[in-house]
Amino acid sequence: LLNIATANSTPTAPTVSTTLFDVNQITEPQTNLSIQGCEPFSNGSPTPVYDPSFVGQLAWVHRQPDSAGAATLGINNSTFTNLSLIQGFSTGLSLEAGLSNNADVNSGGSFADPFHRPNLILALNQPLLRGFGVGVNRRFIRVAQNNQKISRLVFRQQLVELVFGISRLYYDLVSLNEDVKVKQDALNAAKKLLEDDTAQVDVGTLAPLELTRVKALVAAAEVDLIRSQGLFDQQEITLKNQLSRRGTADPAFKGVHILPTEVLTVPASDNLPLLDDLIVQALSNRADLAQAEIQVTNGHIALEGSRNQVLPEIDLIANAQSRGNFGQSSINSISQQASAANLGSGAATSKLFEAGVQVNLPIRNRIAQADATRDTLQVRQMQARLQQLKNQIQEEVENARRAVEIARAAYSASVQSRTYQEELLAGEREKLSVGASANFFIVQDESLLAQARSAEVAARSAYIKARSALDRALGNVLENNHIDLDDAIRNQR
């Protein structure tokens, strides 16, 4: 993927070029870093509702006894109110506390007028196997917290790709600007040679044919300059469209030109750590790997819930009630119930407390078992993909480090080639001054020197972009460009 430009065989062809890879790094950033499979995880055991719920009921009741009790009880119109508060807890415990003046009018043991004697109710239900445990019941909260971290990592990865792509476009713009200068210098040198040869033709010391050869050199240098300037203009348009939301459609931005003031330089040495240290650094910094690890963690959390659903349902239940006088028995007469109702506020109250264990044992529970097995396989697949991602990162680091070494070697060779061409041209000019050379060799050396200078610019650009690719493989793009992720999230940069 590295755009390593090489010198062409002819002086008329441009030696610095760009590819669509740099634009694709921006227009199509990597946004889906998921390693999860297509199948979603099962819901697992139900979780309690942690937000308390207040439930109220207000009703009007009309009671009309049959003919046998009409003389004693009469027709009664009453209202009753039920109020309860329901709360769930992380252990799986569910609590219901309430107040009710609604009695079971179908029960023979109820007092005659239950509507004025409220009941206090407290009910507890604590799972012992299925639905028990803080880890199981808070798993969706933990997954939501992890998803928040994943969103931050996705944004970081998108920002890395954006900065990486923009920097490559900018490096190409700087290189093309330097190449324009090289082509301008080559054209100036060709024009100077044309002036000198024209003077020699006028005095008769040089054949007119040699003047035609130099004019061809000048024309070729002009073509090179036009092409190089055209590539620079195209790269400027591309970069402007990426830097601005509206691109060149913005009138204020359309007339602005980007003039690079920076000169790409290659350091004397790379001072790169050992390959193993680079791999460790990449595994610690890469946002995509961090997200994949969190996804595997979420998979284990979901698997914990699906495995819990396989367990039998054994719940500890407790219920406490305090209510008005129940009367004596279901065979009490209507008059006895009426006298109990006339006890007023001094009537005795009854208290009821019960506790026990409720068991629900599925015979096979095949649905829960299938869900747990499927989720187990999916977690294993995620772990395998995570290892593949680690291997891919290791390969990227190795290739990026090797690309830096190759780019440095190519740059060193291009510097030597340019130096040798300068020495050859200087030597030919000295020989020509004493009549030991021909003008043809001067023209040839001028063309080769222009090629060598452009090749050096391209090799320098290739090295800078290779280092940038290594930073991307290591996950250091933001730090090396002094970009703070929190500032980017707050849109302050």
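What you are looking at is a predicted structure, and each value in this text was computed from that prediction instead of being measured. These values consider heavy atoms only, across backbone and side chains, with no hydrogens, waters or symmetry-generated copies. Residue numbers start at 1 and run along the sequence shown.
Note that CD1 of Ile150 and OG1 of Thr297 are 9.0 Å apart. Values are rounded to the nearest 0.5 Å. If you take CZ on Arg467 and CZ on Arg408, they are separated by 8.5 Å, rounding to the nearest 0.5 Å. Here CG of Asp224 is found 8.5 Å from CD of Gln451. Values are rounded to the nearest 0.5 Å. In this structure, CE on Met382 lies 5.0 Å from CZ on Phe41, to the nearest 0.5 angstrom. Asp315 contributes atom CG, which lies 8.0 Å from atom OG of Ser94 (distance to the nearest 0.5 angstrom). Annotation: the span from Arg168 atom CZ to Tyr171 atom OH amounts to 10.0 Å, rounded to 0.5 Å.
Side-chain contact between Gln235 and Asn177: absent, with no pair of heavy atoms (C-beta onward) separated by less than 4.5 Å. The shortest side-chain heavy-atom distance between Ile237 and Asn241 falls under the 4.5 Å cut-off. Contact check for Glu398 versus Gln394: side-chain heavy atoms found under the 4.5 Å cut-off. No side-chain heavy atom of Leu478 sits less than 4.5 Å from a side-chain heavy atom of Asp484. Here the side chains of Lys191 and Leu187 are in contact, with some heavy-atom distance below 4.5 Å. Proximity of Glu428 to Lys431: side-chain heavy atoms (C-beta onward) are separated by under 4.5 Å at one or more points. With a 4.5 Å cut-off on side-chain heavy atoms, Val55 and Leu83 do not count as touching. For the pair Leu124/Ile317, no side-chain contact is recorded, criterion being any heavy-atom separation below 4.5 Å from C-beta on.
What you find for Ala466 and Ala407 is that their closest heavy atoms are CB-CB, 4.1 Å.
The environment of OH in Tyr420 is sparse: at most 12 heavy-atom neighbours from other residues, nucleotides or ligands sit within 6.0 Å. Counting heavy atoms of neighbouring residues, nucleotides and ligands inside a 6.0 Å radius, atom CZ of Arg374 exceeds 12 of them. Within a 6.0 Å radius of CZ in Arg380, other residues, nucleotides and ligands contribute 12 heavy atoms or fewer. Applying the 6.0 Å contact sphere to CG of Leu243 captures more than 12 heavy atoms from other residues, nucleotides or ligands. Counting non-hydrogen atoms of neighbouring residues, nucleotides and ligands closer than 6.0 angstrom, the CG atom of Asn43 reaches no more than 12 such neighbours.
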Under 3.5 Å, side-chain donor or acceptor atoms of residues 44-51 against the rest of the protein: list the pairs with distances, not counting sequence neighbours.
from	atom 1	to	atom 2	distance (Å)
Ser45	OG	Asn308	OD1	3.1
Tyr50	OH	Asn137	O	2.5

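Remark: the backbone N or O of Asn147 is paired with a side-chain donor or acceptor of Ser151 at under 3.5 angstrom. In this structure a side-chain-to-backbone donor-acceptor pair under 3.5 Å is present from Thr419 to Val415. Distance alone, capped at 3.5 Å, is enough to place a donor-acceptor pair between the Lys240 side chain and the Val256 backbone. Although no hydrogens or angles enter the test, the distance criterion places a donor-acceptor pair under 3.5 Å between the side chain of Ser414 and the main chain of Tyr411. At distances below 3.5 Å, at least one donor-acceptor pair connects side-chain atoms of Thr373 with backbone N or O atoms of Gln369. A distance-only check finds a donor-acceptor pair linking the side chain of Arg401 to the backbone of Pro273 [under 3.5 Å]. No side-chain donor-acceptor contact under 3.5 Å links Gln242 to the backbone of Ile166.
Contacts of Arg418 classified as salt bridge (Lys or Arg N to Asp or Glu O under 4.0 Å), with partners at least two apart in sequence or in another chain: Glu422, Glu456. In this structure Glu446 satisfies the salt bridge (Lys or Arg N to Asp or Glu O under 4.0 Å) test together with Arg429, sequence neighbours excluded.
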Practice problem: Decide yes or no on salt bridge (charged side-chain N to carboxylate O under 4.0 Å, His left out) for Asp486 and Arg490, but give the supporting numbers first. | Solution: CA-CA 6 Å; Asp486 293 329; Arg490 293 190 297 265; 5.1 Å; no
Practice problem: Give the C-alpha distance, both sets of side-chain angles, the deciding distance and a yes or no for side chain to side chain contact (heavy atoms under 4.5 Å, CB included) between Arg460 and Ser175. | Solution: CA-CA 8 Å; Arg460 188 185 300 114; Ser175 299; over 6 Å; no
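For the residue pair Ser306 and Asp371, no side-chain donor N or O sits within less than 3.5 Å of a side-chain acceptor on the partner. Asn391 and Glu395 share no donor-acceptor pair across their side chains, judged by distance under 3.5 Å alone. Remark: the Gln157 side chain and the Glu161 side chain contain an N/O donor-acceptor pair separated by less than 3.5 Å.
The residues Glu479 and Arg156 are annotated as salt-bridged, a charged nitrogen and a carboxylate oxygen being separated by less than 4.0 angstrom. Between Lys181 and Glu178 there is no salt bridge, since no side-chain nitrogen of the basic residue lies less than 4.0 Å from a carboxylate oxygen of the acidic one. Asp172 and Lys465 are joined by a salt bridge, as a carboxylate oxygen and a charged side-chain nitrogen come within less than 4.0 angstrom of each other. Salt bridge annotation for Asp185-Lys192: absent, with no cationic side-chain nitrogen under 4.0 angstrom from a carboxylate oxygen.
The side-chain hydrogen bond (donor to acceptor under 3.5 Å, both in side chains) with Arg286 is formed by just one residue from the set Glu396, Gln281, Gln291; it is Glu396.
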